[in-house]
Amino acid sequence: MSEQTAEVKKQRIFSGIQPTGIFTLGNYIGAIRNWNALQDEYECIYCIVNQHAITVMQEPAELRANTMRAYALMLACGIDPQRSVAFVQSHNPNHAELSWVLSCSTMFGELNRMTQFKDKSAKHADNINAGLFTYPVLMAADILAYNADLVPIGADQKQHLELARNIAVRFNQRFGDTFTVPDCYIPKQGARLMSLQDPTRKMSKSDENANGCVYILDDKDTILRKFRRAVTDSGCEVCWGEGKDGINNLMSIYSAVTGRTNEEIEAEFKGKGYGDFKSAVGEAVADHLAPVREEYARLSADKAYLMQCMETGAEQARRITRRVLSKVYRKVGFLELK
Ligand code: ATP
Ligand code: LTN
């Protein structure tokens, strides 16, 4: 094989996570575990989206600390700043600049259909700000600014990704080929983990009920306790079924961390009760998360290293998006300075 064919250009990945608390098992299994796994095959760009986080009320000092912590957590989950671009959104102003242009190619009606806006405005009824409404445009800008091919996300973000695709197609039609139309990458197992306390609601890191969430820094005893207390139904047979949201959720989690199929899980727990199953899920999750916890302890002690990685990541990110943004500015007709 000639050297030229060996050096096929890798496809590009972009994804982001909000610094709104410690990452949950849902964030890990639904998204970040895939970010990690894709690093060799793709050119990866991963972002702590602090500008998205202020769509809900944040205490400034807490947001600052949470951003640092989220960055450390991202690296602890295996994102390697030598192989991937790992940075903080506000360190690259090109996202917000592109977002304005894209917002003029986004219809009010499209944004009005977003279910996350409806959920979050119900949850934060005292602060339904315009940013909460236009949030998906900034997310589209995050992705399109890098011409990403693929976006690894949990199932809850599928609608936003569809919107980003529509914006890209519309812009390309109007101004000529500019953006790559991105595809989503949603895991087969664990794309939507539910709260352990209310299995009809998504597990979410900003949830007030900490018992419903497993955080990736929880110690083993805490994890076992949360699973022991997980809400199930009045039955006793471990099997997938209608109206068994709690058990279905636990089976998804067990499957995601052990790689076993639902049939294998049902066979493993045949004749055993929910109690045994819950303990087994807790043990498997605790083992799965232990290396992340250890790595976080090591990394979070070295703030200078984290700051240095952040700086390098931001510079790499800006370098990529600067070119895309100036192309967009030319296309829409913004007068350039010589
Ligand atoms: P918040 O509570 O602040 O809304 P969140 O926990 O919902 O945050 P995000 O930062 O919005 O998390 O999402 C980061 C990534 O994690 C996204 O790709 C999202 O789809 C994924 N994700 C979030 N919650 C879950 C879940 N319960 N199951 C699977 N994936 C999830
Ligand atoms: N909207 C996402 C976070 C997010 C994102 C992105 C994900 C912001 N920008 C770009 C993928 C790609 C969320 O709330 N989970």
Side-chain angles (χ1 to χ4, degrees), residues 12-35 44-58 62-63 66-67 70 73-74 77 87-90 92 95-96 98-99 102 114-117 119-121 123-124 131-132 134-146 148-165 167 182-210 212-216 249 252-253 256 317 321:
R12 191 177 276 168
I13 281 191
F14 182 95
S15 199
I17 185 162
Q18 301 186 67
T20 40
I22 296 174
F23 302 170
T24 67
L25 184 65
N27 298 136
Y28 185 67
I29 290 180
I32 303 190
R33 195 168 66 155
N34 284 331
W35 298 10
C44 295
I45 302 158
Y46 296 129
C47 183
I48 302 300
V49 292
N50 56 345
Q51 290 169 309
H52 278 94
I54 62 165
T55 55
V56 306
M57 209 65 88
Q58 301 288 341
E62 206 176 305
L63 178 61
N66 264 339
T67 303
L73 280 170
M74 173 168 73
C77 289
F87 74 108
V88 172
Q89 191 180 30
S90 63
N92 183 0
H95 297 220
L98 179 61
S99 178
L102 296 183
M114 296 294 115
T115 57
Q116 185 175 320
F117 172 70
D119 294 347
K120 290 220 169 176
S121 48
K123 200 167 158 199
H124 303 276
L132 192 64
T134 57
Y135 170 118
V137 185
L138 180 57
M139 175 163 162
D142 295 339
I143 299 164
L144 302 184
Y146 296 86
D149 299 286
L150 205 59
V151 184
I153 42 175
D156 63 310
Q157 294 303 311
K158 192 160 180 255
Q159 194 185 32
H160 289 163
L161 205 271
E162 282 299 322
L163 178 70
R165 288 170 58 87
I167 296 172
D183 284 315
C184 64
Y185 184 103
I186 296 178
K188 285 201 181 63
Q189 277 300 342
R192 188 177 167 86
L193 297 194
M194 310 308 277
S195 161
L196 299 185
Q197 287 300 307
D198 178 356
T200 61
R201 281 184 31 218
K202 187 183 83 108
M203 186 185 287
S204 155
K205 66 177 121 58
S206 61
D207 199 334
E208 321 69 60
N209 189 349
C213 293
V214 175
Y215 300 103
I216 62 174
N249 190 36
S252 297
I253 295 173
T321 55

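Read the numbers this way: they start at 1 and go in the same order the structure lists the ligands and their atoms. All values below come from the heavy atoms of this structure, side chains included, with hydrogens, waters and symmetry mates left out.
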Undergrad: For ligand 2 and His160, I'd like to know whether there is a polar contact (N/O to N/O, distance under 3.5 Å).
TA: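 The answer is no, given that His160 and ligand 2 share no N or O pair closer than 3.5 Å.
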Undergrad: Without placing hydrogens or testing angles, list every side-chain donor-acceptor pair under 3.5 Å for residues 185-197, not counting sequence neighbours.
TA:
unit_1, atom_1, unit_2, atom_2, d
Ser195, OG, Gln197, N, 3.1
Ser195, OG, Asp198, N, 3.1
Gln197, NE2, Arg229, O, 3.4

Undergrad: I'd like to know whether the aromatic ring centres of His95 and Tyr146 sit less than 6.0 Å apart in this structure.
TA: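 Yes: the rings meet the under 6.0 Å criterion.
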Undergrad: Can a donor-acceptor pair be found, under 3.5 Å and without considering hydrogens, that links the side chain of Asp149 to the backbone of Arg12?
TA: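 Side chain of Asp149 to backbone of Arg12: a pair is present.
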Undergrad: Would you please say whether a donor-acceptor pair under 3.5 Å links the side chains of Ser252 and Asn249?
TA: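 The answer is no; no qualifying pair exists.
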Undergrad: Closest non-hydrogen protein atom to atom 13 (C) of ligand 2, residue and atom name please, with distance?
TA: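 For this ligand atom, the closest protein heavy atom is Tyr135 OH, 3.1 Å.
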Undergrad: Output the list of atoms in ligand 2 that are nearer than 4.0 Å to some heavy atom of Val151, sorted by atom number.
TA: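 Near Val151, the atoms of ligand 2 are 11 (C), 12 (C).
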Undergrad: Between Ile17 and ligand 2, which part of the residue brings a heavy atom under 4.0 Å of the ligand: side chain, backbone, both or neither?
TA: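 Neither; nothing of Ile17 gets under 4.0 Å from ligand 2.
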Undergrad: Report all N/O contacts between ligand 1 and the protein shorter than 3.5 Å as a table of atom names and distances to 0.1 Å; if there are none, say 'none'.
TA:
unit_1, atom_1, unit_2, atom_2, d
ligand 1, 2 (O), Ser204, OG, 2.5
ligand 1, 2 (O), Lys205, N, 3.4
ligand 1, 2 (O), Ser206, N, 3.0
ligand 1, 2 (O), Ser206, OG, 2.6
ligand 1, 3 (O), Thr20, OG1, 2.7
ligand 1, 4 (O), Lys120, NZ, 2.7
ligand 1, 6 (O), Asn27, ND2, 3.3
ligand 1, 6 (O), Lys205, N, 2.9
ligand 1, 7 (O), Lys202, NZ, 2.5
ligand 1, 8 (O), Lys205, NZ, 3.0
ligand 1, 10 (O), Gln18, N, 3.0
ligand 1, 10 (O), Lys205, NZ, 2.7
ligand 1, 11 (O), Gln18, NE2, 3.2
ligand 1, 12 (O), Asn27, ND2, 3.1
ligand 1, 12 (O), Lys205, NZ, 3.2
ligand 1, 16 (O), Asn27, ND2, 3.1
ligand 1, 18 (O), Gly154, N, 3.2
ligand 1, 20 (O), Gly154, N, 2.9
ligand 1, 20 (O), Asp156, OD1, 2.5
ligand 1, 24 (N), Lys202, NZ, 3.0
ligand 1, 27 (N), Leu193, O, 2.8
ligand 1, 27 (N), Met203, O, 2.9
ligand 1, 28 (N), Leu193, N, 2.8
ligand 1, 30 (N), Gly26, O, 3.1

Undergrad: Does a side-chain heavy-atom distance below 4.5 Å link Ser206 with Lys123?
TA: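 Yes; the side chains approach each other to less than 4.5 Å.
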Undergrad: Should the proximity of Ile143 to ligand 2, defined as any heavy atom under 4.0 Å, be assigned to the side chain, the backbone, both, or neither?
TA: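 Under 4.0 Å from ligand 2, Ile143 contributes side-chain atoms alone.
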Undergrad: Contact between Arg165 and Asp183 at the side-chain level, heavy atoms closer than 4.5 Å - yes or no?
TA: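 They are in contact (side-chain heavy atoms under 4.5 Å apart), so the answer is yes.
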Undergrad: Under a 4.5 Å cut-off applied to non-hydrogen side-chain atoms, are Lys205 and Ile17 in contact?
TA: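 They are in contact (side-chain heavy atoms under 4.5 Å apart), so the answer is yes.
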Undergrad: Quick check: does Gln18 get an N/O under 3.5 Å from an N/O on ligand 2?
TA: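 Yes; the residue has a nitrogen or oxygen that sits under 3.5 Å from a nitrogen or oxygen of the ligand.
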Undergrad: Using a 3.5 Å cut-off on N or O atoms only, is Ser15 in polar contact with ligand 2?
TA: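 For ligand 2, there is no N or O atom that lies under 3.5 Å from one belonging to Ser15.
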Undergrad: If you count the atoms of ligand 2 from 1 in the order shown, which ones are under 4.0 Å from a heavy atom of His52?
TA: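 Result: 8 (C), 9 (N).
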Undergrad: Salt bridge check: are Arg201 and Asp207 linked by an N-O gap of less than 4.0 Å?
TA: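 Salt bridge flag = yes for Asp207 with Arg201.
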Undergrad: Give me the nearest non-hydrogen protein atom to atom 10 (C) of ligand 2 as residue plus atom name, then the distance to 0.1 Å.
TA: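 The answer is Phe14 CE2, 3.5 Å.
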Undergrad: Rounded to the nearest 0.5 Å, how far does CG of Leu25 lie from OH of Tyr215?
TA: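 Going from OH on Tyr215 over to CG on Leu25, the span is 12.0 Å.
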Undergrad: Would you say Trp35 and Cys44 make side-chain contact, with heavy atoms under 4.5 Å?
TA: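 No - every pair of side-chain heavy atoms lies 4.5 Å or more apart.
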Undergrad: Please write down residue, atom name and distance for the protein heavy atom closest to atom 9 (N) of ligand 2.
TA: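 Nearest neighbour among protein heavy atoms for atom 9 (N) of ligand 2, to 0.1 Å: Asp142 OD2, 2.7 Å.
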Undergrad: Which of the atoms in ligand 2, numbered in the order shown and given with their element, are less than 4.0 Å from a heavy-atom of Val49?
TA: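 In order of numbering, the contacting atoms are 8 (C), 9 (N).
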Undergrad: Is Gln116 close to Tyr135 at the side-chain level, that is, under 4.5 Å between some pair of heavy atoms?
TA: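 Touching, per the 4.5 Å side-chain cut-off.
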